[in-house]
Amino acid sequence: MPRTSHRIGALLLLALITAGCSAGPSQRPAVAYRDAEQPVAPAPKPPGPAPLPALGPSAGSALNWEDCTGETRQELSLPAGGPSFSCSQLLTTLDSPEAPAEGTTRAALLSTGTGGIPLVVLGDVNGEPGTSVAARLALTLPSEMLSTFRIIGMDRRGTGQSDPADCMPPAQRESIVGFDPRATDRASLDRLLTSVRLSSQECLLDLDDRLQAYDSWRTAADLEELRLELDVPKLHAIGRGEASRVLTSYAQRYPDSVGRMVFDGGPDPQLDAMGEAGAQAQGAEQTFDAFAADCLGRSSCPLGPDPRRTVESLVDRTRTTSLPAADGPVSSGKIVRVLLAELGEPRRWPQLSAALAAANNGDGGRISALAAPLVRENGADPAQLDGALITSCNDTRLRLPSERLVHVAAEWVGTHPLFGGVFAQRLAWCAQWPEPQEEPPPPSVPGLPPIPVVTTANDPLVPVQSSKHLAEQLPTGVAVNWQGSGHGALGRSDCVTDTISRFLVQGTLPADGMACPA
């Protein structure tokens, strides 16, 4: 896939406009109150859902698409003989806080499928770029999806090929990713904050005015520019996990452009950053239990009769003595972060078990290979940590003081022994970051079409309750509940995939609260 790297110097940043998810109009019935003299009319009822938009027309041809099938298959290790791929780049408005509505940036695009109607796919900012997510998803979709839609993946700002953020010093990346996940004392956590501070300084110097333009609110504007370039009246889209935040922002900013949308999991719009991280830690622990049960259910589990005890013991040992690997030492932090990332891919659980077993026997090579995309370039993609840190810090105003971090880390390590410390440390990533400025709340959306929200019983990054609350808070949310495990259900569950396919292709709305078996 073609790559673009662009760096522009500018003045140091002063302000940022962001917006989170809106809970939408209340769905509770109006209540009439009377005083002794004057009757009060009931409040008007909130509008019902808008009709489901039609699919057509097909996309226009303003974008310059080039075949990138061979390169994509090679980079993602995809099988030969599958769908073909085309790549392009979208020129969008940078819209930095210092120069609103000015400047330019580029978003990388990948398309596949033989249909003419665009269906945009976005992935989490802390995982694979959206182009890669779309390419892999296409391999799991029904033929009617691929013949109806042109699946278009977009790399979000600062990730993949979209003016990638590549600003953190390599030594600091290694320090942050490998940091002791069970550290709770002030002296240790201060070392983490030092690495974060040095990384923040380098990114401020390197990216300048671009730095605070990498957020979900502006990514929603990129989607609108994509819709205009495709020359279609409505944007049909799928957001996996945290990317649902971008689509809710899009619905707030461009309600008349909302087409058929699906949220494959999503954050609870009522939780702040700390509440969200705590819920994620609990969800990750629950997903690990599902992983352990899966391992024990196979003919031979390489982690022994008690996988949790084996892994916790491994993490304890590597807190002080790292494992050898060709790419550098493998510490407890790297092990836990790899575990967290791989829990979202149940198809790879056997390989994860083998990597953990090898580490338990003193060989950190497999864990190091799995951690590589976080800290080093992967093909032409930059390290994932940079874009994840920048966007997550631009999306929240929370700046956790060091003394508060000590208390949170101690509490969460006690309640969530494998993952509590990792999520507490993520809150520290933004400690030295410029704080974004609040934007006035957007006007309430008068009416949206129905939006299915898929929940997954065991999701290490988006807890099931968070997705259920998102479905409840969306004015037109429709919950589709999968009882399985992994990060996102679309393409993993046949039941969910068929249900969402019928919704997107035929306009068949699923029953609210429907359940799909594991």
Under a 3.5 Å cutoff, is there a donor and acceptor pairing between the side chains of [X] and [Y]?
X: Trp433; Y: Asn394; answer: yes
X: Ser88; Y: Asn64; answer: no
X: Asp215; Y: Thr391; answer: no
X: Ser195; Y: Ser175; answer: yes
X: Thr93; Y: Asp95; answer: no

Query raised in the report: Is NZ or CZ of Arg150 both nearer than 6.0 Å to the six-membered ring centre of Trp65 and within 45° of the ring axis?
Result: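 Yes; both conditions hold, so Arg150 lies above the ring face of Trp65.
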Query raised in the report: How long is the gap from CG on Asp67 to SG on Cys87, to the nearest 0.5 Å?
Result: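 The distance works out to 8.0 Å.
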With a 4.0 Å cut-off on N to O distance, would you call [X] and [Y] a salt bridge?
X: Asp166; Y: Arg173; answer: yes
X: Asp498; Y: Arg502; answer: no
X: Arg210; Y: Asp163; answer: yes
X: Arg245; Y: Glu276; answer: yes

Using distance only, find each side-chain donor-acceptor pair of residues 326-334 under 3.5 Å and give its atom names and separation, not counting sequence neighbours.
{"from": "Asp327", "atom 1": "OD2", "to": "Arg376", "atom 2": "NH2", "distance (Å)": "3.2"}
{"from": "Ser331", "atom 1": "OG", "to": "Gly178", "atom 2": "O", "distance (Å)": "2.7"}
{"from": "Lys334", "atom 1": "NZ", "to": "Glu174", "atom 2": "OE1", "distance (Å)": "2.8"}

Requested in this report: Evaluate side-chain contact (heavy atoms from CB on, under 4.5 Å) for Asp208 paired with Leu204, printing each intermediate quantity in order.
Outcome: CA-CA 5 Å; Asp208 290 326; Leu204 279 166; over 6 Å; no
Query raised in the report: Any ring-ring contact (aromatic ring centres under 6.0 Å, His included) pairs touching residues 125-165, not counting sequence neighbours?
Result: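 Matches after skipping sequence neighbours: none remain.
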